[in-house]
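The structure under discussion appears below in the form of structure tokens.
For clarity, every value in this text was computed on a predicted model and none was experimentally measured. Each chain gets a letter, A, B and so on, in the order its sequence line appears, and its residues count up from 1.
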Amino acid sequence: MSNVPAVESAVGTAGPHGGGAEREFTVEARSQWGLVRRRFFHHKLALGSMIVLLLVILLAFVGAALWKYNYTETSPRVDGRGAPTLDAIPFIDGDGLAVGEHPFGQDDIGRDYFALTLRGTQQSLIIATLAGLVGTFIGTAIGAIAGFYRGRVDNILMRFVDIGLTIPLLLLAAVIGRRAGDIPGLSWLFGENSLLLFGKDPDDVPVIGDYFGPNSIILLGLVIAFVSWLTIARVVRGEFLSLREKEYVEAARALGTPNGRIIRKHILPNAVGTIIVNATLLISAAILIETALSYLGLGVRGDDWSLGKLVSSYQNAFTTRPWLFWWPGLFILVIALCINFIGDGLRDAFDPRQTRERR
Amino acid sequence: MFFFILRRFAVTVPILAASTFLVFGLVTISGDPLAQYRTSQSPNRAQIIAQARDRLDLDRAFPARYWDWLKGVVRLDFGQNKGGQEVYPILKDALVTTFRLVMLATVLSIIIGLVIGIISAVRQYSAFDYGTTFASFLFYSLPVFWLAVLLKQFGAIELNDYLEQPTLSFTVAVAVGVMTGFVISTVTGGPWRRRLPVLAVTAVISTALLLLADSTDWILNPGLSPVAVGVSAAIAGVLATMAFAPLSKRTVLVSGVASAMIGFVGSLVFHGWLDEPSWVDLFQLLAMSLLVGVIVGAAVGGIERATAIKAGTTATVFVGLVVVADEFISAWKPGRTIATVGPQTANIKGTFWERMIDYASHQVLPSLALALIGLATYARFTRASMLETLNSDYVRTAKAKGLPATQVVLRHGFRTALIPVTTVITLSFATVIEGATITERVFGWSGMGTLFVKGLSDVDPYPVMAFLVVVSVSIVFLNALTDVLYAYLDPRIRNE
């Protein structure tokens, strides 16, 4: 299910802080981050993808709030079938640019599909970001400890990773989905009287689905994170195994630097390229995993929507109302593609060894 | 090396035990297996429930049940499902179905992915590189079931329309020819001045071939004449040699071409075997062709014996593939071939090759959906890994001492680049079984994924466990295999 690729290339072994400027050169000193930013902004595809992604995020969160239709309300269907009124290519039928009443059309009961798609995009983005961030955090912590301390610690942690890799995400999602209410900590966090509702009545909060309780998407994100940290942990461990043998780590150790500080201040900044690149890949994979889970009926449920749920709910409408299938799919594709391109740009920025041109 | 392998596989046993125990616990808590009986209206409800309770052994605590189950699995007894059927035969059928789907997809995606990766690394920043990079990102970002539904809607219908009336108009032939020329020309590299003639020549040749095929009704009734097989055998011999040694190594070249020719002659001699072969026959032919390669290589190889044997076996296997492909396409007849539901036509009768055509026509779309995504991953990784090795010093040295480009790329670059790529391939193969769940669902195959998802939604523990045993065994086993392959490809790891 998860096709999280692991970028196992050593990245950015240059010092993190670039060293102070030497006064006799008039050249301005650049920090590592400055170099990375510069290389990234010269990567046109990555930059363009970032702009597109930002626009999508803006559309999903701000646009949905400003849009005249809500994703729950129904309205009479415009031309019987509820076909999209968006006209982005003015040359074909000569109507010119037009947004119209329902730019993405309407679904079978007359809900505005633009609002639905934006709602799904919001949810999918939240799930994926959460899964990516939490997964990266756990994976980095475990991988760093395993790689740095080696020996028995490494062995035990990596066997846990091995075991974790054999547990299918589907099973985990099903178990947690069905039994979340019975697990004390989880029901406390995600149940009817969840802390995350901040004292509000669950009925006032948009219902997110009966499957995981009122905070299903947060739990869904965590479930995906629980599966995806494994790859990151492996990659970070490999990175730490090689970085811990470097001269500057030896120097820090000779000075009596405590282990925790060596990990945080000396090794981690040099592994950050690999980690960030893998985090982006994790987020794009999480989007796809979420859609897959929803397709199998184990993702977002109830009255709420995610992009995956939209596609799977309307896949049988393909012959009658194809737009119900196209729009959410295109959004998934665009988001995942943008994140992957950004990840690629970041990889090139952190590790220019694969690019032949100087940037 | 032997003890390394032994040690590595010994570690897998406790992991498997822990993993199955954990998963058994998860399956146990995932729901109430008797829920569907509790709401039943039938008068003998209590009896049904008691029966199911007894069958699933629900009266005992879960560690005891796990222990019994584990003892059973060692004897290949996977327990019974809720309906009282033995799980093992169901599992076997499901496994065969899924394996067919996954194997083809994986083999295709590895071969094509590696080739694309190598070419785009060698021709970095060419049109080919940009094109394949974009395509792999695109496939990589596609949700599997979205792609599968699209393939089903468009691939099946359009292709079937074409296959019913497989003729080519002049414009289509020219367009395809020019496209082929363009793709080939982007692969050759160099400035436009050098690439344009390549484009022109390949475009003209492929257009001519297409028109010839159309005018002789080859598309309606495809097949290869012995002459075509012979020519491709000769080409295979030379190519196989080029993959392993420079053409100036006479002994290797002789071995490659001679093996290919013997393979060709053999294909004429053993032609009768291929009319209605069994799988055993095909394996015997494969073994024979390998043997021919080994014997010829050993006989003429001299000091280059190992390389000569490699070239010889590669050549003969390639010839064998051409011959089999010939039989395969000869059995095809125009019609709406591509099927979208299920793994094969029910109760199909016909010759071996007609059954193969039927299998293939059911398999092409689901395998394509899986393969496209795997292919994208492999191509990206091979490219990245190749770029790293191609920019390293020893590759420059190899170029500087005058080795032919193929040798530098394949033996110095690719062999090293293969190390990280193996990890990705073996690791992702196991997840493909899980990923196939969705593809199976879209195309209505009942394989492992169906077994799992159905068991999960019915809260039927033993089928779910059967799926999980297969998946975790393959994951753990492939992890171990990765380490062993690593140690084989990179001897430094063994000595640590």
- Query: How many angstroms lie between CG in A:Leu170 and OG in B:Ser457, if you round to the nearest 0.5 Å?
  - Reply: 11.0 Å
- Look up atom CD1 in B:Ile15 and atom CE in A:Met158, then write down how far apart they are to the nearest 0.5 Å. 11.5 Å
- Kindly give the heavy-atom pair with the smallest separation between B:Phe452 and A:Leu171, and that separation in Å. CZ-N, 4.0 Å
- Does atom CZ of A:Phe226 have more than 12 heavy-atom neighbours, drawn from other residues, nucleotides or ligands, at distances under 6.0 Å? no
- Considering only heavy atoms from C-beta outward, does the side chain of B:Phe145 approach that of A:Thr291 to under 4.5 Å? yes
- Item | A:Asp162 and B:Val476: CA distance, side-chain angles, deciding distance, side chain to side chain contact (heavy atoms under 4.5 Å, CB included) verdict | CA-CA 7 Å; A:Asp162 283 349; B:Val476 171; 6.0 Å; no
- Taking B:Trp146 for its side chain and A:Phe325 for its backbone only, find out whether a donor-acceptor pair lies under 3.5 Å. yes
- Query: How about B:Ser19 and A:Thr166: does a side-chain donor come under 3.5 Å of a side-chain acceptor?
  - Reply: yes
- Item | Contact class of B:Leu456 relative to chain A, heavy atoms under 4.5 angstrom | both
- Report the distance from atom CD1 of A:Ile287 to atom OG of B:Ser141, rounding to the nearest 0.5 Å. 10.0 Å
- Task: Would you give the length of the straight line joining atom CD1 of A:Ile167 to atom CD1 of B:Ile475, rounded to the nearest 0.5 angstrom?
- Result: 10.0 Å
- Note on the structure: Note: vs chain A, highest number of non-hydrogen pairs under 4.5 angstrom among B:Leu26, B:Val11, B:Thr133, B:Leu16 is B:Leu26
- Less than 4.5 Å apart, any side-chain heavy atom of A:Leu337 and any of B:Tyr140? no
- Honestly, the part of A:Leu172 sitting under 4.5 Å from a heavy atom of chain B is side chain
- Look up atom CG in B:Leu22 and atom CD1 in A:Ile163, then write down how far apart they are to the nearest 0.5 Å. 7.5 Å
- Are there more than 12 heavy atoms of other residues, nucleotides or ligands under 6.0 Å from atom CZ of B:Phe62? yes
- Which residue, B:Val464, B:Leu468, B:Thr437, forms the side-chain contact (heavy atoms from CB on, under 4.5 Å) with A:Pro168? B:Leu468
- Task: Could you check whether the rings of B:Phe137 and A:Phe341 sit parallel, tilted or perpendicular, using 30° and 60° as the cut-offs?
- Result: tilted
- A:Trp326 vs B:Leu150 side-chain heavy atoms within contact, under 4.5 Å: yes
